[in-house]
**Q** 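Below is the structure I would like to discuss, written out as structure tokens.
Just so we're on the same page: letters track the sequence lines, and every chain starts at 1. When reading the values below, keep in mind they use all heavy atoms of this one structure, side chains included, and skip hydrogens, waters and symmetry mates.
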2 protein chains.
Amino acid sequence: MERSRSRGGRGVSGRSGAASLHTGRMPHAPSRRPTILDVARVAGVSKSLVSLALRGGPGVSESARARITAAADQLGYRSNALARGLVQGRTMLLGVLLTDLANPYHTDVVAGVEEAAAEAGFGVLLAHGRRDAERLATQLGTLVELNVDGVVAISSWVDGDALRAAARRTPVVVVGRPEHPPEGVDTVANDDAAGAGQAVAHLLDLGHREIVFVTTSRRPAAQGRRRGYETAVRGAGLTPRVLAVEHADQLHAHAAPLVASGATALLANNDLTAVALLDAAHDLGVPVPGRLSVVGYDNSTVAALVRPRLTSVDQPRPELGRTAVRLLLERAVDGRTADRHEVLRPRLVPRTSTGPARP
Amino acid sequence: MERSRSRGGRGVSGRSGAASLHTGRMPHAPSRRPTILDVARVAGVSKSLVSLALRGGPGVSESARARITAAADQLGYRSNALARGLVQGRTMLLGVLLTDLANPYHTDVVAGVEEAAAEAGFGVLLAHGRRDAERLATQLGTLVELNVDGVVAISSWVDGDALRAAARRTPVVVVGRPEHPPEGVDTVANDDAAGAGQAVAHLLDLGHREIVFVTTSRRPAAQGRRRGYETAVRGAGLTPRVLAVEHADQLHAHAAPLVASGATALLANNDLTAVALLDAAHDLGVPVPGRLSVVGYDNSTVAALVRPRLTSVDQPRPELGRTAVRLLLERAVDGRTADRHEVLRPRLVPRTSTGPARP
DNA sequence: CCACGTACCTGGAACGTTCCAGAACCGACC
DNA sequence: GGTCGGTTCTGGAACGTTCCAGGTACGTGG
């Protein structure tokens, strides 16, 4: 058997008394967690064999395996991921850095990440940045300190230096379109320009000629959408018209002139902007889609809830997450070192906020 | 100085070659992470002093502290949370178990948890159960294995046995109303009955006498709301009327008879149900709130987006999270062992989906 | 000049696991 | 009966940190 290490040499207190492990009493005050050594003692084998058996390793007799699992169950043993990670140098965990938990876009990406991670035998831990750059950096640091085997950052907000530092320790993939992706970091994004192009094509098909791009953001995603819009409109021999404001709530004031100016279709940089436009039209008594068609971008949950249902561009969100994990594992497992930047194609979801241009 | 431990005695491979730590090359392929020993070597001090200095401990000379922080920066050193947690027996991390990331209710609770945890110097890790009981149990296990210092389970879905097992190792608080809260587990919930009572009072004030409770769920929260509704209605000398269906999309068919039967106000068990009712009314040409008032429950984001704006009962979501952390720390830090079950009071948010009963 | 206090620093032990080299056992074969 | 090969099992080392019981250096007062 094992040298019986003397315990509790350090402090004196020891949270809730030295209640014997085997009493099973006091479910309320967590007692000292049983370790592999406790299991070994109960099962009458060495710690090494317990470790091997519980991991399902080969070369363990049936009788030993049975005694060990019985002992583990009896004690309520759970292996300690900290110790395991420390000795193995990996945790089989992927970290996801979220900018904004409340954003369903992020949520769907997470679903893809979780699915792909589970397939590869990895667990997923989420860290939340709360739309705050400093906090994001802190959270990224926490993930790195926890030795996750890779990080998916769903955010274009994360500080470049923080990303670079993290990438020196563990593979990092950014989902979205960072302003300047640092070296050593992979990215996955949807093709904003192509998505806007599809929206324009849809409106052109419906006979619209006066299509205005309405944006409330200067971020790279909005820029890409705007470019795609401009390209598509010019491709049809028309002239791009862009309305850019700071906040969606300023749109109310702009809506009437917009309609008066002859616009028959609006392409918004995202769904929230589009909903604000629908609202303004409603208040002005402008029928949608009778007199005005509105297209959003992101196909968020509100798109299917508002009246009229919002035609919107759907990003392949779970697919973005799955791709991120693939990139991560290419680095972590296959040892790729060159940076990769993947772009996925979005898809237009027509609903009832778009209709034929008034003849 | 330190005995220079021979390294890499184990395997041969070693992911990306044994590139000297000090070259700073190859940002793409994460090299071996620098440890406290590397910092000690560079700074010319012992590992113990590095540890002390980086933790900001006392009794470190200014010169040593400066050399140490410089060395740590130069190497890009980050302490290893696994090792730290292992030796300290605590991680300064709280785990949050989420049933459904896409649910904004959960999200707001998380915000409260994060705030309170940060105040107490704890970090927060999220684990996501994806509305799947088995997965929730697994994720709960992961958190426990990671030795988080407490778990907030935002969910009434979690398996009782899994909760009980987790609670034997670390403090656990359930936010919501579990069917049977296991011994050893604290809970925080909002007072569903009181919330429904407030909604009824609001409708009575507006002169409504035919108020119907419409529900799409049999879960404890919906039951509590129903009870509150019934009590309040009876208290006003009226007779409760309840419409219970399985799914919100069945409401379309029920709406016309409901209105025909003389109902002038509907109280829904949650906002999604209420939105479905608004939709049905819209399709029937029943004006809201002119002919029918609708109240939701949860005050979710859609409530403020739909037309008309939905009157709804707001749960103190961040407060639920903060309370959960308080309960957690009472156990973890102050050593409380008796179970506690807290109930917080919700608040009605009147909007434009409710109005005076037709005279 | 020596004992002593103080400020600063150090090395070893410990945390709970995995990995590995080798020990113990056992039956079979020559 | 000894050797061999295989299966099953074991103990020590290692992971990277913190904690602690000391150690060293440097005044300072007697």
**Q** For B:Q88 and C:dC15, is the shortest distance between a side-chain N/O and OP1 or OP2 below 4.0 Å?
**A**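 So the side chain of B:Q88 is outside the cut-off, no N or O lying under 4.0 Å from OP1 or OP2 of C:dC15.
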
**Q** Taking the side chain of A:V45 as heavy atoms from C-beta outward, which of C:dG16, D:dT18, D:dT10 is closest to it?
**A**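 Of the options given, the side chain of A:V45 lies nearest D:dT10.
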
**Q** Do any N or O atoms from the side chain of A:D186 and from the backbone of A:D339 form a donor-acceptor pair under 3.5 angstrom?
**A**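 No; zero donor-acceptor contacts below 3.5 Å.
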
**Q** So does B:R131 pair up with B:D100, basic N to acidic O under 4.0 Å?
**A**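 B:D100 and B:R131: salt-bridged.
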
**Q** Just how far, in rounded Å, is P of C:dC9 from CG of B:L54?
**A**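 Distance, rounded to whole Å: 13 Å.
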
**Q** Is any N or O donor-acceptor pair between the side chain of B:S51 and the base of D:dC19 shorter than 3.5 Å?
**A**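 Between D:dC19 and B:S51, which were checked side chain against base, a qualifying N/O pair under 3.5 Å is absent.
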
**Q** Regarding A:H128 and A:Q139, do their side chains bring together a donor and an acceptor under 3.5 Å, going by distance alone?
**A**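 Not at all, the side chains of A:H128 and A:Q139 share no donor-acceptor pair under 3.5 Å.
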
**Q** Please report the distance, rounded to the nearest Å, between CG in A:L82 and C1' in D:dA14.
**A**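 Rounded to the whole Å, the gap is 17 Å.
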
**Q** Between A:D38 and A:R32, is there a side-chain N and carboxylate O pair less than 4.0 Å apart?
**A**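 Counted as a salt bridge, because a side-chain N and a carboxylate O are separated by less than 4.0 Å.
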
**Q** In whole Å, what is the span from the CG atom of A:L52 to the C1' atom of C:dA21?
**A**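 So the two atoms are 15 Å apart, to the nearest Å.
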
**Q** Can you list, in residue-number order, the parts of residues 62-70 of chain B that come under 4.0 Å of DNA chain D, counting heavy atoms only?
**A**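 Heavy-atom cutoff 4.0 Å gives no residues at all.
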
**Q** Are any non-hydrogen side-chain atoms of A:V45 and A:R67 less than 4.5 angstrom apart?
**A**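 Side chain of A:V45 against side chain of A:R67, heavy atoms only: contact under 4.5 Å found.
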
**Q** So does B:S61 reach the base of C:dC9 with its side chain, donor to acceptor, closer than 3.5 Å?
**A**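 No such pair is found, so the answer is no.
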
**Q** Heavy-atom distance under 4.5 Å between the side chains of A:R169 and A:E145, does that happen here?
**A**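 A side-chain contact is absent here, since even the closest heavy-atom pair is not under 4.5 Å.
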
**Q** Atom CD of A:E145 and atom P of D:dC15: how far apart are they, to the nearest Å?
**A**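 Going from A:E145 (CD) to D:dC15 (P), I get 20 Å.
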
**Q** Tell me the bend of the helix from C:dC1-D:dG30 to C:dC30-D:dG1 as the angle between end helix axes, each from five pairs, rounded to the nearest 10 degrees.
**A**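 End axes: 80° apart.
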
**Q** Measuring only between side-chain heavy atoms, which start at C-beta, is A:V151 closer than 4.5 Å to A:V173?
**A**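 Not in contact.
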
**Q** Less than 4.0 angstrom between a side-chain N/O of B:R55 and OP1 or OP2 of D:dC19, yes or no?
**A**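 Indeed, a polar side-chain atom of B:R55 lies that close.
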
**Q** Rounded to the nearest Å, what distance is computed from the CG atom of residue A:L37 to the C1' atom of nucleotide D:dT10?
**A**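 Spelled out: CG on A:L37 to C1' on D:dT10 is 13 Å.
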
**Q** Out of D:dT10, C:dG16, D:dT17, which has the shortest distance to the side chain of B:R84?
**A**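 Within the option list, the nearest is D:dT17.
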
**Q** For the backbone of A:A166 and the side chain of A:T170, can you confirm whether one donor and one acceptor N or O come within less than 3.5 Å of each other?
**A**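 The answer is no, because no donor-acceptor pair under 3.5 Å joins these two groups.
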
**Q** B:V87 side chain: which of D:dC20, D:dG16, C:dT17 is closest?
**A**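 For the B:V87 side chain, the nearest candidate turns out to be D:dG16.
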
**Q** Just the rounded figure in Å: distance from P of D:dT10 to CG of A:L49.
**A**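 Value for this atom pair: 6 Å.
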
**Q** Are A:S79 and A:R84 close enough that a side-chain donor and a side-chain acceptor fall under 3.5 Å?
**A**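 There is such a pair between these side chains.
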
**Q** Does A:T69 use its side chain to pair, donor to acceptor, with the backbone of A:R65 at less than 3.5 Å?
**A**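 Here the side-chain-to-backbone pair exists.
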
**Q** Nearest whole Å is fine: how far is C:dG16 P from B:R169 CZ?
**A**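 Rounded to the whole Å, the gap is 13 Å.
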
**Q** Go nucleotide by nucleotide along DNA chain C from the 5' end; which of B:V60 and B:L86 gets its closest nucleotide reached first?
**A**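 Mapping each residue to its closest nucleotide by heavy atoms, the 5'-most match is B:V60.
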
**Q** Verify the contact: side-chain N or O of A:S46 to OP1 or OP2 of D:dT10, cut-off strictly under 4.0 Å; return yes or no.
**A**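 Indeed, a polar side-chain atom of A:S46 lies that close.
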
**Q** Expressed as a whole number of angstroms, how long is the span from B:K47:NZ to C:dC9:C1'?
**A**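 Value for this atom pair: 12 Å.
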
